[in-house]
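Beneath this line is the structure, given in structure tokens, with notes to follow.
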There are 2 protein chains.
Amino acid sequence: MEYISQNVARNLKHIRKTRKMSLEDVAEQTGVSKSMLGQIERGESIPTVETLGKIVSGLRIPFTSLVNAANTDIIIVNKDELLPFKSMEGEYEFYEYFPYEESRTFEIYMMQIYPNRKNISGGHGENTFEYLTVITGTLTLEADGKIYEIKEGDSIRFPTHGDHIYANNTGEMVKFIITFTWN
Amino acid sequence: MEYISQNVARNLKHIRKTRKMSLEDVAEQTGVSKSMLGQIERGESIPTVETLGKIVSGLRIPFTSLVNAANTDIIIVNKDELLPFKSMEGEYEFYEYFPYEESRTFEIYMMQIYPNRKNISGGHGENTFEYLTVITGTLTLEADGKIYEIKEGDSIRFPTHGDHIYANNTGEMVKFIITFTWN
DNA sequence: TTGTTTTGTGCGTTATAATGTATATTTTTT
DNA sequence: AAAAAATATACATTATAACGCACAAAACAA
């Protein structure tokens, strides 16, 4: 799923419509072809930062007004359309549901680990924490030098300044949601 | 000349270096290939807004920190590398020196008009003005219902809420600088 | 309604973004 | 110094952004 270009699509169309401009008007004013503008609005193509620059410059709007989601927006993240951000065949998969965004102070991920596999994660800096809830299976977590067993439905908060290990020591898949935060 | 991607190039490299990360580290953290990252930093390719999104999200930095020029930067605009934003063969050419940017309250352009040609411009909204200085030749300007002759070296400020016409009624080329502002 | 104009979409082509692998370069270690 | 490791660039390939032109759809007028 393409987050940002969908924002651009919606925002651009909205701005154009409220200004009562045609695609051709915008093309005229920005130097971007009207077919390209149409494709962008329909989400059919992902503009380069340079074309985006032409648009914001020509329309005299801030960059962020195209790129950001209106904060009233409902955002639905469809797992099937979500490509694993990080994964290793038969080991683990890591999905970004709500990755870093300037306006938020936390991030939400989902991770699944195959039977008898584990994933080692480096520290994320001082004063960072994870809130982890297991959806299915049992997770063995090693953090801050200690080992915890988190069962289906259970949840844990732990600091992530140092290395931590997500291990699946069972025969079934384990899935869990991570809310990552800082400060 | 590609403004924004040069900003991205510089800013990304700077952030990466101050964090003492390798291209591979960044690739790892953002999901963008290290060759792509290298090309971006060297200004060899212009990323799509989506790859830019992966970078800012992975690095946990605001969009604007990549896109904007550090406001201490010296910016040199080389006319030969500047492609005319708007032009008509044998009629006129219009160059953007400092186009719209959120942090500025004015824009600077250069325009040249061929002998005995003119260019008609629509209004730019209420409380907009142009400060126009003629570099070579004599410009005949029609604005706000009146006609003015601006000679080489002379300058004029006029409102641009309505149509205005830049005319070259002479046998030689006319060139002038426009500073456009509002409010 | 029908013709006329305006506005948006579809499509073929070209330019180039994005990737993976191989090579070069730099830095570190011995 | 050379050898080893880490890091950055070059290159070939694929995927797709960007464009121009032709067509379709919608809005407007007669």
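In what follows, chains carry the letters A, B, and so on, assigned in the order in which the sequence lines appear, proteins first and then strands, with residues in each chain numbered from 1.
The listed nucleotides are C:dA22, C:dA17, D:dC19; the one nearest the side chain of A:V32 is D:dC19. Of the listed nucleotides (D:dC19, C:dA18, D:dT7), D:dC19 has the atom at the smallest distance from the side chain of A:S33. The listed nucleotides are C:dG10, C:dA17, D:dA18; the one nearest the side chain of A:R42 is C:dG10.
Atom-to-atom, CE of A:M21 to P of D:dA27 comes out at 19 Å; the value is rounded to the nearest Å. Between A:E44 atom CD and C:dG10 atom C1' the separation is 9 Å, expressed in whole Å. In this entry the distance linking CG of B:L37 with C1' of D:dA8 reads 12 Å, nearest Å. The nearest whole Å value for the distance from the CD1 atom in B:I40 to the C1' atom in D:dA8 is 15 Å.
Proximity of the aromatic rings of B:F180 and B:Y109 is defined here by a centroid distance below 6.0 angstrom, and this criterion is not met.
Using a 4.0 Å heavy-atom distance criterion, A:K20 is classed as making no nucleic acid contact.
For A:S35 and D:dG20, a side-chain-to-base donor-acceptor distance below 3.5 Å is present, hydrogens and geometry of angles not being considered.
Distances shown here put a side-chain N or O of A:R16 below 4.0 Å from the OP1 or OP2 atom of C:dG8. Taking side-chain N and O atoms only, A:K17 has a distance below 4.0 Å to OP1 or OP2 of C:dG8.
Residues A:Y131 and A:Y166 do not share a hydrophobic cluster, clusters being chains of Ile/Leu/Val/Met/Phe/Trp/Tyr side chains in contact below 4.5 Å.
Taking the charged nitrogens against the carboxylate oxygens, A:E41 and A:R16 do have a contact shorter than 4.0 Å, which makes a salt bridge. No salt bridge links A:E142 with A:K118; every basic N to acidic carboxylate O contact stays at or beyond 4.0 Å.
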